[in-house]
Each structure stands twice: as C-alpha cells, then as structure tokens.
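Please read the structure below before turning to the comments.
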Amino acid sequence: MDSPVTKPLAQDVVWLSDLHFVAEGLIQGHDPRLRLRAAIDYINEFHSQSMFCVISGDLVDLATEQNYRALKSELDRLLIPYFPLSGNHDDKTLLRQVFDLPGVGMNEFIQYAVPTEAGVFMCLDSQRPGSDAGEFCTKRMQWLDHMLAEYKDSPAYLFLHHPPMALRLPMLDPDNMENGDAFLDLLSKHQNVKHLFLGHVHRPICGTVRGIPFAVMRSTLYQAPPPVPAWDWDSFAPAAEAPNLGILTFSNGDVTLQYREFCKYEFGLERSKS
Ligand SMILES: [Fe+2]
C-alpha cells in the first residue's frame, strides 16, 4: 500500500528570507555565515526531498562581488535547487552575474517563473535601486500581467521582497512597495493568484490583502522588534527572537506554511563583552 506520508514532500518548497550575508564580519551582532550554515544543514537533513528553495531577497547585506561569490559557495551546499530574489540590499547586475537564474525572466529585472505540477511560482523583483523602499514599474507589471494570463489555469504563488501594503509596523511600513495599490490592482484582475510570500520586514506576519492570503518570513539573521512597545531607528535593537525558515506544502490547491526554528536566537550571536 502506498504511503501517504512520503509523497507530499515532492510538493514542498523551502523558504528563506533576508540572509544579509557578508563574507566577513557581523551584522547587527550576528554571524550570517553561521546562521546560513545552520539553515542549510537543517534543510539538507530534513527537507532534501523538497522541490526547491526560494530566497526572498536581501541575499547580502552589502552588495559586492566577493559577498555574492562567498554566498553562492555556501548555497551550493544545498541538496535542492534554489531560486534567489532581489531585495533592497541586492545588486541586480551582480546577482545575475554570480547566480544561475532561470532563463524565462526579464533582461533588466530578476523576475522569472518556475512552473511545477503544484502551480506556477513567480519570483518577482520589487527592488528600486538606491532605495530601501520598493516599487513595481510598468515593465514588471506588464510581464506579470502576461505571465498570470499565460498560466491562468494554474494556481500562481508569488514571491517578492517588499510588501505591497502596510503591515501595521510604523517604522517599517514607509519602506514597503511605493505603488503597492497598483500592484494589488493587477493581482485583482487575475483569478489564479493564490498566495503572496514576502520578506523585507524581518517579522513573522500573515493575513489577507484584497482577499489574497499573504505570509511574511523572518530573517535567517536578525529580527525587527514588534511594533509595541514603540521603537524608532535611534533606539533600534534586533528582537531577541530565533530565526525561522518556512516549509510550504502544496496539496490539491491548498497551502500550508510551517515556520521552523532551525537554530536558537543565541546561535551565531556575538557574546557580550561586558
Ligand atoms: Fe532585510
């Protein structure tokens, strides 16, 4: 008798976000190399039968060729394929030079579709060069409009870095997608958009927008504090919360997301010198 337990793994997708990788040094007191290695070890041990891994932007903290090449050598340890997106910390030219991206995308943007039996995964580019805030320009809109129409009979799962709507995070919402309403207007035209998967704000949040479910993934590196108690950039300090990765399971048009703590908060944290 076939086991119903093992087969769904083929419909799993692993989700990482906001690696903020650097080849040397710490970011916000955390070691991004140790954190990423812990995530990769976890994926290879428990989720090597997943279809692939999507990384929803901010691959590096500082966009240099050295950082991207060091990151690629780490990510190439993954036993499953991986698909990177562009975040506000990324450089599209370097990202395209260093990584092997699917060929079905756009020339100017890191934007491509990954069709599977579970549906079509759209990896979108919400980066606005030189800005922490995001945008989705006319060319990217036209591409997405065309692709959603082309795959109109498949459930479409959209990954992008910048949330296209406010998330009730007063210090972070100003840096979301500036023309998010226009982006959502486009999605509302299509019946096959089933879920949005977002990064950028380094917090675990889910909900609906215009009736479309969305989820936001924690960073593998450091987390933004919750909005209450109130904080500002002068008083900013990462929340003492463990990182997560996501395991998405797609089955008969339904989606589940499990947030997984692949290491403790203290792992890769610089020890207090006091
Ligand atoms: Fe980030």
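Throughout, numbering of the chain's residues begins at 1 and tracks the sequence. First listed ligand is number 1; within each ligand, the first listed atom is number 1.
Within D18, the N, O or S atom at minimum distance from the Fe ion (ligand 1) carries the name OD2. Taking the Fe ion (ligand 1) as reference, D58 places its N/O/S atom OD2 nearest.
Between F197 and H195, the angle of the ring planes stays under 30°, which puts this pair in the parallel group of the 30/60° scheme. A tilted orientation is assigned to the rings of H200 and H162, their planes being inclined by 30° to 60°.
At a threshold of 2.8 Å, the Fe ion (ligand 1) has a backbone or side-chain N, O or S atom of H202 nearer than that distance. With 2.8 Å as the limit, H89 does not count as an N, O or S neighbour of the Fe ion (ligand 1).
Shown here for R33 and A23, the closest heavy-atom pair between the two residues is CD-O, 3.3 Å.
Under the 3.5 Å distance criterion, with hydrogens and angles disregarded, a donor-acceptor pair is assigned to the side chains of T64 and N67.
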